[in-house]
Amino acid sequence: MEDCASDEEYYYSDRDSLDGLENEESEFQCAPTKGPTTKVITKESLLAAQREDLRRVMDLLSLREHHARTLLIHYRWDVERLFAVLVEKGKACLFAEAGVTVVEHQDLDSPLYSTITCDICMEDVASDEATRVDCGHCFCNNCWTEHFIVKINDGQSRRIRCMAHKCNSICDEAVVRNLVSKRHPDMAEKFDRFLLESYIEDNKRVKWCPSAPHCGNAIRIEDDEFCEVECSCGLQFCFSCLSEAHSPCSCLMWELWAKKCRDESETVNWITAHTKPCPKCHKHVEKNGGCNLVSCICGQAFCWLCGGATGRDHTWSSITGHSCGRFKAEREKKSERAKRDHDRYLHYFNRYRAHTDSFKQESKLKETIQERVSITEERDSRLRDFSWVNNGLSRLFRSRRVLSYSYPFAFYMFGDELFNDEMTKEENEIKQHLFEDQQQQLEANVEKLSKFLEEPFDQFSEDKVMEIRMQVINLSVITDTLCQKLYDCIENDLLGSLEFGNHNIAPYKSKGIERASELIACWKANNSDKYVASDHGTSEFDRPSGSGSSDESGCSSRKRARKDGLGGGLFDLNLPAEVVDRT
């Protein structure tokens, strides 16, 4: 009776299902178009993406570019946080914390200073062989150059501080580039590359795509970092931990589960539960008969019950010269626990693997279904719209994926490893029953949807196809609703009630994981000759008032940067900087 009630509770009429889909489509059409909240930054658009944030800070604070970059690197390219500190603490405190010094100092070309004593090497040098930085400290060019080279080699090129004692001022990147390039041009290029890539390496909103081999792209998000994204290369991954997309598992849960599946932890549990160590050679021996006297391959006989060494003489009831009637509670408890833990793991692992395998098999359905649709469309039929098939297939993929990762979540949510101290046994059981009820309802409807999509509808009559169509539409709405309910249960009833909120999951999206759109680097032909960033040509930054539009042919998403840009052009960003340096 409970199963029937469950089906009735989540049953939708065909008309309701169609209305639901129509309303969803109409809302999407009527609502203003909103672009994706995630962007793909290619090596062509990296400079434009960086300059977009630089321009905001430069315009607001009337700073030079290297000062704006120093501020942004200090605040990890979080423009909003930088502005918040400005409002809360003021400009002076903002500059002091980031090591930015903007002061007027006397020009070295002044005749008042024909020679200068360098406080580092204690040598007197001509004024044209010394350099004064923004903080006012002046040292000879040789000392500056050696200082810069050491810092670049140590990986500190993004924030090179002044050599003066207790001076926190950050050196002008133009000074660094000018002095280093005279002696080591390749080192200057390395310095420029580090400055450019700091937008990715130091930015919490931007991360490299974890594809292998590396696609060379980075992903920038605008909203919560606990999200799942799809790169333009096709890889779907968790932005927070850069592993495969794994919601409704939290990142910690998935890390533990992946480790558990690939290492030998469960093998150890099985060995503990089903074998005993030989008292002589300590190799593990598995019992293959009913007699409690077992023999190791080394020749040693021992008692299976207690593990003690014995002779070989025995009867059905006892072993000669041996008695082990004392109950060893700790050993039995350890063995029973290991067996119970192993059986529990296998329960969740087998179901996780089953749904993962089903997902792989169902992924092959797409080509088969396209062939069936083509065959059906060639017939003289009133059926012309087969979007319900593709929509149903997309819902099947998303629901199957949610089901697959719900089992690792349940394994840790209701086990003893993570939340044993935050829930009583009774609370654990209540929450587990609540979760499993929703999980089973979703599982049952996903299997029904899979069954109807696998039907060879190209061989059926029109009435039969219409019946399958209504079932697929109905089940698509049901599975989507149940997925959302399952996520709500996890976020509000399970994880939301925990005292320590270390487990965040990516939100459920009915339309699937969002595919990031490419951030286009556009060449802008105007007096300033600057790159601008736009989202598929819909918006641009740094457009001066009264300036004309770009050329009639538009701007290419693959157009190369100018050679005289930052660091003499763009670098090959197919690998992160630390990998490039080793090649």
Side-chain angles (χ1 to χ4, degrees), residues 3 238 241 243-277 283-290 294 304 307 329-363 399-423 425 427-447 450 483 486 489-490 494-495 503 505:
D3 293 340
C238 170
C241 66
S243 61
E244 62 181 272
H246 52 71
S247 68
C249 269
S250 68
C251 294
L252 176 59
M253 289 178 179
W254 179 248
E255 180 184 357
L256 294 174
W257 179 259
K259 182 178 184 299
K260 197 175 191 69
C261 291
R262 68 172 175 262
D263 66 12
E264 298 181 358
S265 60
E266 292 311 309
T267 303
V268 172
N269 281 344
W270 188 92
I271 291 175
T272 304
H274 297 89
T275 67
K276 296 288 178 67
K283 292 181 179 178
H284 287 271
V285 179
E286 182 182 5
K287 184 180 178 183
N288 59 2
V294 296
W304 179 260
E330 191 64 31
R331 180 178 298 169
E332 292 298 323
K333 182 179 180 181
K334 181 179 179 181
S335 178
E336 290 176 3
R337 180 179 178 84
K339 188 176 186 307
R340 184 177 70 251
D341 290 345
H342 181 69
D343 292 341
R344 181 175 182 271
Y345 166 75
L346 288 180
H347 168 82
Y348 289 99
F349 176 79
N350 289 336
R351 284 154 181 78
Y352 160 75
R353 177 59 62 85
H355 284 294
T356 302
D357 292 342
S358 296
F359 179 83
K360 293 178 181 178
Q361 294 297 324
E362 289 164 349
S363 298
S399 302
R400 182 71 75 182
R401 183 178 157 277
V402 169
L403 266 179
S404 176
Y405 291 108
S406 69
Y407 282 98
F409 169 84
F411 178 80
Y412 288 106
M413 185 71 219
F414 308 113
D416 299 332
E417 190 167 347
L418 295 180
F419 307 111
N420 192 35
D421 298 333
E422 297 202 44
M423 291 186 292
K425 186 176 180 180
E427 290 175 338
N428 189 305
E429 290 180 355
I430 292 173
K431 291 182 177 181
Q432 184 171 359
H433 291 156
L434 172 66
F435 175 82
E436 289 178 348
D437 286 345
Q438 302 218 25
Q439 188 185 46
Q440 289 172 6
Q441 290 172 355
L442 176 60
E443 197 166 28
N445 284 281
V446 167
E447 297 301 337
S450 177
C483 281
L486 185 68
C489 173
I490 291 173
L494 301 182
L495 296 179
H503 297 268
I505 65 172

**OP:** Determine the minimum heavy-atom distance between Ala245 and Arg401, stating which atoms define it.
**Re:**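 Looking at all heavy atoms of both residues, the closest pair is CB-NH2, 2.8 Å.
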Original post:
Where do Gly415 and Asn428 come nearest, in terms of heavy atoms and distance?
Top reply: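 Closest approach of Gly415 to Asn428, heavy atoms only: O-ND2, 4.4 Å.
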Taking side chain as C-beta onward, heavy atoms only, is [X] less than 4.5 Å from [Y]?
X      : Y      : answer
Met423 : Met413 : yes
Phe435 : Ser406 : yes
Tyr407 : Gln439 : yes
His246 : Pro408 : no
Val294 : Glu286 : no
Asp416 : Arg337 : yes
Phe409 : Ile505 : no
Glu244 : Tyr405 : yes

Out of curiosity, [X] [atom1] to [Y] [atom2], how far, rounded to the nearest 0.5 Å?
X      : Y      : atom1 : atom2 : answer
Gln438 : Glu436 : CD    : CD    : 11.5 Å
Asn350 : Arg353 : CG    : CZ    : 9.0 Å
Phe414 : Lys431 : CZ    : NZ    : 8.5 Å
Lys260 : Tyr348 : NZ    : OH    : 13.0 Å
Leu486 : Asp437 : CG    : CG    : 11.5 Å

**OP:** Please work out which of the three classes, parallel, tilted or perpendicular, describes the rings of His342 and Tyr345, given edges at 30° and 60°.
**Re:**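 Tilted: the ring planes of Tyr345 and His342 meet at 30° to 60°.
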**OP:** Could you check His503 against Cys249 for side-chain contact (heavy atoms from CB on, under 4.5 Å), going step by step and ending with a plain yes or no?
**Re:** CA-CA 9 Å; His503 297 268; Cys249 269; over 6 Å; no
Original post:
Just by modelled atom types, is the Arg400 backbone N or O under 3.5 Å from a matching donor or acceptor in the Ser404 side chain?
Top reply: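 No, because the side chain of Ser404 does not come within donor-acceptor range (under 3.5 Å) of the backbone of Arg400.
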**OP:** Give a yes or no on whether the backbone of Ala354 and the side-chain of Ser358 come within a donor-acceptor separation of less than 3.5 Å.
**Re:**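 Checking the backbone N and O of Ala354 against the side chain of Ser358, a donor-acceptor pair under 3.5 Å is found.
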**OP:** Could you point out which residue of Leu403, Leu442, Asn445 forms a side-chain contact (heavy atoms from CB on, under 4.5 Å) with Cys483?
**Re:**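 Looking at Leu403, Leu442, Asn445, the match for Cys483 under the side-chain contact (heavy atoms from CB on, under 4.5 Å) is Leu442.
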Less than 3.5 Å apart, which donor and acceptor atoms pair up between the side chains of residues 251-258 and the rest of the protein, not counting sequence neighbours?
none

Original post:
Taking only residues two or more places apart in sequence, or in another chain, which ones meet Asp357 in a salt bridge (Lys or Arg N to Asp or Glu O under 4.0 Å)?
Top reply: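 Not a single residue meets the salt bridge (Lys or Arg N to Asp or Glu O under 4.0 Å) criterion with Asp357.
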**OP:** Would you kindly say whether Arg351 and His355 are connected by a side-chain donor-acceptor distance under 3.5 Å?
**Re:**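 Short answer, no.
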